[in-house]
Asks: 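Below you'll find the structure I mean.
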Protein chains: 2
Amino acid sequence: MATIKNVARRAGVSVGTVSNVINGTVAVKGPLRERVEEAIRDLVFHPNHAARSLKSRRSHTLGMVIADITNPFFPLMVRGAEDAALKLGYLLNIFNTDDHVERERTVFGMLRARCVDGVLIAAAPSSDPPTHLRDMMATGVPLVCLDRIPADLPVDSVLVDNVMGAAMCVRHLIAMGHRTIGVISGSPRLQTAQDRVAGYRVALSEVGIPFNPALVREGDFRAESGYLLTKDLCLSSTFPTALFLANGMMGMGALKAIQELGLRCPQDIAIAVFDDVPGADIFRPHLTVVSQPAYQMGYQGTELLIQHIAGKIESKEPVRIVLQPELKIRESTNGARPRTTTGG
Amino acid sequence: MATIKNVARRAGVSVGTVSNVINGTVAVKGPLRERVEEAIRDLVFHPNHAARSLKSRRSHTLGMVIADITNPFFPLMVRGAEDAALKLGYLLNIFNTDDHVERERTVFGMLRARCVDGVLIAAAPSSDPPTHLRDMMATGVPLVCLDRIPADLPVDSVLVDNVMGAAMCVRHLIAMGHRTIGVISGSPRLQTAQDRVAGYRVALSEVGIPFNPALVREGDFRAESGYLLTKDLCLSSTFPTALFLANGMMGMGALKAIQELGLRCPQDIAIAVFDDVPGADIFRPHLTVVSQPAYQMGYQGTELLIQHIAGKIESKEPVRIVLQPELKIRESTNGARPRTTTGG
DNA sequence: TGCCAAATATGAACCGATCCATAATGTCAT
DNA sequence: ATGACATTATGGATCGGTTCATATTTGGCA
């Protein structure tokens, strides 16, 4: 591997000059510059990253901490973050924690040893105070939280407006004439799940429909629970004409349940889902969803983080970027009025 | 951040001794060792990674080059690689190239600058000779190819036995009594696609069924082509009783086509698919598949790479690990004999 | 033409580890 | 007690960049 000294010798200049050409710290002009650039090309010189970050104390590397890349929500987010990072000259180190706080702590130790310039994290839900996040920030390493914010931590974040997304879904169902709308939520320990139920209630109250606890089921964001609870709800006495599922996997489960119950969708029961699902465009009926801008979340989170690193943000207040989900109306809510209104 | 000098001063020893304690290069004994360890703990000392790799010329970092993390095949592979890397004290840098050879070249430049100790790559298909791979190897950076091997390159690799997997699928269909078996393949430019058709032919020839070109359709590994070609094949004069789809996305498309044609699966037509698909366990009929050990591929590829880095492999011959796919018999081929045999 | 300030190039110190030649210490036989 | 040898600790050179104080060149003006 060619070093900066080789380049300097070949170009007949000092190492300092080569460094200046590379970094543009000081303008190097005319023939000198050309000779240096030629030498760099001839020797296929790549500045040694270790040497560079040793002296400059910046690694041009970001840490990204997520639960699990095999969870279909994360690849898009990671891709967005990576595209932004690469565009701005940074590189991403990805770590899976499976939502274990202990793994998070371990990972943070590594990030520190590697001198990452900043950290993106979709933090694990935890009742403990997030001391490792706080410590990292105290060390002066900028942090951006994606999707979830730990309680009581003044930190930059990029979020989806879960309340709004859920409300968009339910408003749409209401606009289609539904009045008896069931909801299958996630664990109330997750802020995300709480917000989506809140959005459901907002939409109902806007048009004066009273909240009916008998129409609510608490799931766990997995297909199986969507399947079981949809059956449960459809076989109960308060039979809904429409269903709002708080996440995509449960939406798939609901679809399966409805098929097995011999119900037609949307004629017998309409379905709207929070979160798009791979394969949703293959099976009938195509699901009406609000889709989360996961790619955007990764991309904008990374931009924000790098702005902080570059010191381009002076505000002492934590920055919060709230992204709007997008309602995609498809077959599962469309083309039929509810039974109770028109007889479907 | 504490440095090794701080630790040395605090423990009242030389920096060399601290280094020896950390790396175990030379055994440091008794009270000295204890004092050093205590100082390390007190100062929460993490050796600076940049300094370390500058001097030692090893970064304990691997590059991983894939097409696109949002393609559902890759997350499992990445997760496998990451788990193996972390276990062995390495860290993974992931790069998406979208299968563009030019991006691959750019990425290889970065990998070089970062002094990665080795590279895992699921190489983009290309007609050009893979000079960047060759150059990287010539520089002494070990390389392991995953899933696909560039032609004419003697390189370590971990592969799935595509011929065998396809043959397993088709043998199973034959065992269920089918004789007229259609195949929807991928682009013949992909070795993978070629191999899967080869496996199809192997299974047929084993039992003396002649190969019938009229039963073959060339798809492109996307759901849409599976959908269109399944309709095409089912409406053609050589109506198959069973179908082998060369990848998962096309399998989803086939399922949709069959539903729309009003055919029952497996009674009217059986389906077997290469490659598992997310959501395959939700929709009926559940698809019979051979699933690729993507996690294993990442994990074992990384182990192999690190063995090479550690110089534990002396053989000059490239190592090739061939993983066997697993046949998962589910509803789409089960529980019914083909029409032509039993009248279904 | 000569002088001074501004602009530009130089090279040595430095970042924080590793590693090796050398020094110091310890062990044992004589 | 002493020399010979093995064992262990030391400290300085080194990796390849960046950076800044200093040296050199350039250009404008009297």
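Throughout, a chain's letter reflects where its sequence line sits, starting with A, and its residues are numbered from 1.
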Asks: NZ of B:Lys55 versus C1' of C:dA17: gap in Å, rounded?
Replies: 9 Å

Asks: Return no unless some side-chain N or O of B:Ser14 is found under 4.0 Å from OP1 or OP2 of D:dA9.
Replies: no

Asks: Over how many whole Å does the gap from A:His49 atom NE2 to C:dG16 atom P extend?
Replies: 16 Å

Asks: Would you mind classifying the nucleic acid contact of A:Thr3 as base, sugar-phosphate or nothing, using non-hydrogen atoms under 4.0 angstrom?
Replies: sugar-phosphate

Asks: Does A:Arg35 use its side chain to pair, donor to acceptor, with the backbone of A:Ala11 at less than 3.5 Å?
Replies: yes

Asks: Please check the phosphate of D:dT10 (OP1 and OP2 only) for any side-chain N or O of B:Thr17 closer than 4.0 Å.
Replies: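 So the side-chain polar atoms of B:Thr17 do come within 4.0 Å of the phosphate oxygens OP1 or OP2 of D:dT10, strictly under.
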
Asks: Starting from P on C:dG16, measure out to CG on B:Leu43 and report it in whole angstrom.
Replies: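 Distance, rounded to whole Å: 14 Å.
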
Asks: Mind calculating the distance between CD1 (B:Ile4) and P (C:dC15) to the nearest angstrom?
Replies: 15 Å

Asks: Where the side chain of A:Arg57 is concerned, which of D:dC15, C:dG11, C:dG16 is the nearest nucleotide?
Replies: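 Minimum distance to the A:Arg57 side chain belongs to C:dG16.
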
Asks: Using modelled atom types and a 3.5 Å cut-off, is there a donor and acceptor pairing between side-chain atoms of A:Thr302 and backbone atoms of A:Gly298?
Replies: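 Answer holds: yes.
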
Asks: Measure from the side chain of A:Phe45, starting at C-beta and using heavy atoms only, and say which of D:dG11, D:dG17, C:dA17 lies closest.
Replies: D:dG17

Asks: Starting at CG of A:Leu54 and ending at P of C:dA13, how long is that distance when rounded to a whole Å?
Replies: 17 Å

Asks: Mind calculating the distance between CD1 (B:Ile22) and P (C:dA17) to the nearest angstrom?
Replies: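 My rounded result for the distance is 7 Å.
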
Asks: Using whole Å, what does the distance between atom P of nucleotide D:dA9 and atom CZ of B:Arg9 come to?
Replies: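 Between P of D:dA9 and CZ of B:Arg9: 20 Å.
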
Asks: Using a 4.0 Å heavy-atom cut-off across all strands, classify A:Ala50 as base, sugar-phosphate, or nothing.
Replies: nothing

Asks: B:Ala51 has a side chain; which of C:dA17, D:dA9, C:dG11 sits nearest to it?
Replies: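 So the nucleotide nearest the side chain must be C:dA17.
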
Asks: Output the rounded distance in Å from NZ (B:Lys5) to P (D:dG12).
Replies: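 Checked: the NZ to P distance equals 11 Å.
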
Asks: Counting the atoms with a prime plus P, OP1 and OP2 as sugar-phosphate, which does B:Val26 contact under 4.0 Å by heavy atoms, base, sugar-phosphate, or nothing?
Replies: nothing

Asks: Report the nucleotide, chosen from D:dT10, C:dA17, D:dT18, that has the shortest atom-to-atom distance to any side-chain atom of B:Asn48.
Replies: C:dA17

Asks: Between D:dC15 and B:Arg52, is there an OP1 or OP2 to side-chain N/O distance shorter than 4.0 Å?
Replies: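 For D:dC15, neither OP1 nor OP2 has a side-chain N or O of B:Arg52 closer than 4.0 Å.
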
Asks: Where the side chain of B:Asp117 meets the backbone of B:Arg58, is there a donor-acceptor pair that is under 3.5 Å apart?
Replies: no

Asks: Where the side chain of B:Asp147 meets the backbone of B:Leu159, is there a donor-acceptor pair that is under 3.5 Å apart?
Replies: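 Here the side-chain-to-backbone pair does not exist.
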
Asks: Please pick, from C:dT10, D:dT18, D:dG11, the nucleotide with the shortest atom-to-atom distance to any side-chain atom of A:Asn20.
Replies: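 Closest nucleotide among those given: C:dT10.
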
Asks: Per the side chain to side chain contact (heavy atoms under 4.5 Å, CB included) rule, which among B:Thr131, B:Asp135, B:Val119 passes with B:Phe108?
Replies: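 The passing option is B:Val119.
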
